[in-house]
**Student:** 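Let me begin by handing over the structure; questions about it come next.
The analysis underlying the following values was restricted to heavy atoms, covering all of them including side chains, and did not include hydrogens, waters or symmetry mates. Keep in mind that what you see is a predicted model, and the values were worked out from it rather than measured. Just so it is clear: chains get the letters A, B, ... in the order the sequence lines come, proteins before strands, and each one is counted from 1.
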Protein chains: 2
Amino acid sequence: MTAMTRARPLVIDSHRDANVCLTCGARALSVCHVIDEADLDKLSAASVTVSVQPGHTFIQEGDPAEHFFNVTAGTSKLYKLLPDGRRQVTGFAGVGYFLGLAVSSSYAFSAEALEPVKVCRFSRTKLRGLLDDFPALEKKLLEVASNELVVAQEQMLLLGRKTARERLASFLIARANMIPHCPGRGAANVAERIQLPMTRGDIADYLGLTIETVSRTLSKLRAEKFIEIPNNSEIVLLKHDAVEDIATGMA
Amino acid sequence: MTAMTRARPLVIDSHRDANVCLTCGARALSVCHVIDEADLDKLSAASVTVSVQPGHTFIQEGDPAEHFFNVTAGTSKLYKLLPDGRRQVTGFAGVGYFLGLAVSSSYAFSAEALEPVKVCRFSRTKLRGLLDDFPALEKKLLEVASNELVVAQEQMLLLGRKTARERLASFLIARANMIPHCPGRGAANVAERIQLPMTRGDIADYLGLTIETVSRTLSKLRAEKFIEIPNNSEIVLLKHDAVEDIATGMA
DNA sequence: AGCGCTCATTGACCCAGGTCAAGGTCCGCA
DNA sequence: TGCGGACCTTGACCTGGGTCAATGAGCGCT
């Protein structure tokens, strides 16, 4: 509900070295990994790296969709607004996320950095060129889009039919599962530490609730010893499986 | 909320003539239209036509995703269930709809025919073959998936943040806009006749409401002279623009 | 170390929409 | 042409989560 985004000098556009993609830490997590190492220079040539400061909106819903982005660092929230300011966060884009699938001629959502974010930016025309040169990339994008669609439908079920308690449980489980193979999982009651780069308000806007309900519901889960809340941006999942049962409506 | 789907002999699998695709009325509306007329025989060879009776579930959430479908007649509802029977309809698939995008190894949703439905069925492997032979088809699927994603995000906004009144208005406008170029639109107050092949219950499950709320809200809109309800499967939009304003939260 | 800001928590109250219940309408079928 | 069943409407009441308001906790800045 922050009324205005302050106009700090937020986007720093850095020009490109010979072959940034080769050393990119996000490559393994992103669509780029389908491109052969020998061809990475072409990928580097087609894009520029952009840094985005926390709080800055780098994609504006309704603007002409001139660019596509690949996230190489940090997390952003993706959202849509109603004229009176009601907000729906449609997702959180972390490292490896390809931004620009849900696009026709203009962006269908806005994107705002929650942390210092780095993205690889492609112009629409250059991306089209890459897709023609690398059919594997197109295949990969279709695969990614299909997965997004599955996630979107899961979210519709959540927003349309789940209780506040089930929504929070689902959110925590989804966040926990996105931790890249924390070893101590699989056994029933292993604690997991979940990072939350977003505020309670963002979580509320993602789950179709209010800040107060998010806060109350988390407090209740804590009182029931399902979770711990060491600080505002971390939650420890004490009973993964029990919370998963709540999430799926089985408890 | 129909507890069980009766096991009538519902799926009639008809073997394929030489070149069904050539005379297919749905071609202009579906992904197939990117395939050259000269190559349509290959498309025909890769698929079979299946008839589905109303009420029959021809895709079951969780089943291994062995087939993809292209709808050539009738409308189906796509939905997900929670263990206790709560249902979220994620969409309605009409003529031209490609079914199977939101798929990993198993189906993420169920599909049930609302009317007599005909689909073109492809096996996963045969579709893969087609995608390799016709890169344009892959491009088209990516485009379709992107549009689906836009629609899905719009639906998240609806489910997460709109009132019952706004949800119904949005639903009616979306249905009205899908009518293939009814000439008398564009002017402000032209009546539009909307076909509703689904029940109030299906609409409720689509909009995250109950049957009663859907019924009450439609009655209210009728009392306010925004719509007419000649019968259960038709609604006449008397004031398109006013309803559109309600839908977008501007009224 | 204390000010001021943003974010989170908690409580008291309220209301949009859910639940429960009683008809009403439509239609296919004998 | 009247019966049975599916679907829809309407009313009375209830409740999960929203609203409003006060307080607390963390933290950067001076």
**Student:** Taking for each residue the nucleotide of DNA chain D bearing the nearest heavy atom, is the 5' side occupied by A/Gly208 or by A/Pro230?
**Tutor:** A/Gly208

**Student:** Output the single nucleotide from C/dG18, D/dT10, C/dT9 whose closest atom is nearest the side chain of A/Ser215.
**Tutor:**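 Among C/dG18, D/dT10, C/dT9, the one nearest the side chain of A/Ser215 is C/dT9.
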
**Student:** So B/Leu209, base contact, sugar-phosphate only, or nothing? Heavy-atom distance under 4.0 Å.
**Tutor:**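 The answer is sugar-phosphate, as B/Leu209 gets under 4.0 Å only of primed atoms, P, OP1 or OP2.
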
**Student:** B/Ile235 has an atom CD1; how far is it from atom P of D/dT9, in whole Å?
**Tutor:**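 It is 8 Å, rounded to the nearest whole Å.
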
**Student:** Salt bridge check: are A/Arg222 and A/Glu228 linked by an N-O gap of less than 4.0 Å?
**Tutor:**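 No.
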
**Student:** Look at the side-chain N and O atoms of B/Arg222 and state whether any lies under 4.0 Å from the OP1 or OP2 oxygen of D/dT10.
**Tutor:**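 Answer is yes, contact under 4.0 Å.
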
**Student:** Taking the six-membered ring for Trp, is the centroid-to-centroid distance between A/Tyr79 and A/Phe109 below 6.0 Å?
**Tutor:**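 Ring centroids of A/Tyr79 and A/Phe109 are no less than 6.0 Å from each other.
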
**Student:** By nearest atom, which of the nucleotides D/dT19, D/dT9, C/dT9 is closest to the A/Thr210 side chain?
**Tutor:** D/dT19

**Student:** Rounded to the Å, how far apart are B/Arg200 CZ and D/dT10 C1'?
**Tutor:**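 Atom-to-atom, B/Arg200 to D/dT10, this comes out as 14 Å.
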
**Student:** Quick one: B/Asp84 CG to C/dT19 P, roughly how many Å, whole number?
**Tutor:**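 Computing the B/Asp84:CG to C/dT19:P distance gives 11 Å.
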
**Student:** Atom CZ of B/Arg216 and atom P of D/dG11: how far apart are they, to the nearest Å?
**Tutor:** 9 Å

**Student:** Please give, in whole Å, the distance from D/dG17 P to A/Arg86 CZ?
**Tutor:** 19 Å

**Student:** Can you tell me the distance, in whole Å, between the CD1 atom of B/Ile229 and the P atom of C/dG24?
**Tutor:** 19 Å

**Student:** Does A/Arg86 come within less than 4.0 Å of B/Glu166, counting only side-chain N to carboxylate O?
**Tutor:** yes

**Student:** State plainly whether the residues B/Asp205 and A/Arg161 are in salt-bridge range, i.e. N to O under 4.0 Å.
**Tutor:**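 Yes, this pair counts.
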
**Student:** What does B/Thr199 touch in the nucleic acid at a heavy-atom separation under 4.0 angstrom: a base, only the sugar-phosphate, or nothing?
**Tutor:**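 B/Thr199: backbone/sugar contact only, no base atoms under 4.0 Å.
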
**Student:** Where the side chain of B/Ala164 is defined as all heavy atoms beyond and including C-beta, which of C/dG17, D/dG17, C/dT19 is the nearest nucleotide?
**Tutor:** C/dG17

**Student:** Rounded to the nearest Å, what distance is computed from the CZ atom of residue A/Arg167 to the P atom of nucleotide D/dG17?
**Tutor:** 7 Å

**Student:** Please pick, from D/dG18, C/dT9, C/dG17, the nucleotide with the shortest atom-to-atom distance to any side-chain atom of B/Thr163.
**Tutor:**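 The answer is C/dG17, which lies nearest to the side chain.
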
**Student:** Just how far, in rounded Å, is C1' of D/dA12 from CD of B/Glu212?
**Tutor:** 13 Å

**Student:** Is the distance between the ring centroids of A/Phe69 and A/Tyr97 less than 6.0 Å?
**Tutor:**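 Aromatic pair excluded; centres sit 6.0 Å or further apart.
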
